[in-house]
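So the structure is just underneath, and the comments pick up after that.
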Amino acid sequence: MAEPLRTNIAMSGLRSGGPRAFAPAVVNGVKTVDKKTGRPVLDGRSVESVFAFDLTVMPDELPAYRVQVIHPLDLQGLLHRSRAVVEYDPEQPWRVVIPSNPPREWLARANSVSPPAEVKERVGGFPAGFRTLVMGVALAAVLLVPVRLLG
């Protein structure tokens with residue numbers, strides 16, 4: 001569950017049935033936050049707290065970008081590591097999850113990468129279905145004009 005790095009926290013996972021790809025990531029920071037408010041908390045074992053992982057994802061076909069991934073568990077032991085493997089949607093790269101058992105070749109690759117010199121702060125993109133919504137509204141507006149003129 002990830003969201004482009006912002007002040008508020010929202011959860012979004014990978015699309016069901018969508019494409020998947022793995023990428024190495026650099027762990028910039030980990031903090032324990034409240035599920036509802038997103039504010040830092042002291043007790044990481046509380047039922048109301050989750051981990052917020054600040055990651056720099058380095059996919060092969062895109063420039064490196066930062067995301068904040070929210071998860072109730074410290075998958076891959078990221079509290080004590082500086083590298084991770086993430087799974088993301090190539091068509092919507094801001095949708096990132098941390099797999100609990102990533103492939104070994106990707107773990108080795110993540111441990112050997114160096115942090116990128118330039119990082120894109122936010123991966124843009126429209127939400128899934130945005131273009132369909134806009135086209136539907138435009139089509140409805142075009143059809144409404146003749147209906148109004150004819151009667």
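Position 1 is the first residue of the sequence, and the numbers go up from there.
- In this structure, S112 contributes its side chain and R109 its backbone to a donor-acceptor pair below 3.5 Å.
- Scanning for side chain to side chain contact (heavy atoms under 4.5 Å, CB included) contacts around L133 gives V137, with sequence neighbours left out.
- Remark: N101 pairs with no residue by the side-chain hydrogen bond (donor to acceptor under 3.5 Å, both in side chains) rule, at least two apart or across chains.
- Taking R83 as the reference, nothing meets the salt bridge (charged side-chain N to carboxylate O under 4.0 Å, His left out) condition, with sequence neighbours excluded.
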Which atom pairs, donor and acceptor, lie under 3.5 Å between side-chain atoms of residues 20-29 and protein residues at least two apart or in another chain?
residue : atom : partner : partner atom : Å
R20     : NH1  : R15     : O            : 3.0
R20     : NH1  : G18     : O            : 2.9
R20     : NH2  : R15     : O            : 3.1
N28     : ND2  : T56     : OG1          : 2.7

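- In this structure E61 satisfies the side-chain hydrogen bond (donor to acceptor under 3.5 Å, both in side chains) test together with Y88, sequence neighbours excluded.
- The shortest non-hydrogen separation linking P90 to P19 is CD-O, 3.5 Å.
- Atom OG1 of residue T32 and atom CD of residue E48 lie 13.5 Å apart, to the nearest 0.5 angstrom.
- The closest donor-acceptor contact from the side chain of K35 to the backbone of V47 lies under 3.5 Å.
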Distance-only criterion, 3.5 Å: show the donor-acceptor pairs between side-chain atoms of residues 140-151 and protein atoms not counting sequence neighbours.
none

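- Tracing side-chain contacts under 4.5 Å through hydrophobic residues (I, L, V, M, F, W, Y), one reaches V30 starting from V57; they form part of the same cluster.
- Contact detail for P93 and Y65: the closest heavy-atom pair is O-OH, 2.6 Å.
- Looking at every heavy atom in both residues, V41 comes nearest to S49 through CG2-CB, 3.7 Å.
- Under the 4.5 Å side-chain heavy-atom criterion for grouping Ile, Leu, Val, Met, Phe, Trp and Tyr, L107 is not connected to L73 through any hydrophobic cluster.
- Hydrophobic clustering, with ILVMFWY side chains joined whenever heavy atoms are under 4.5 angstrom apart, keeps V113 apart from V69.
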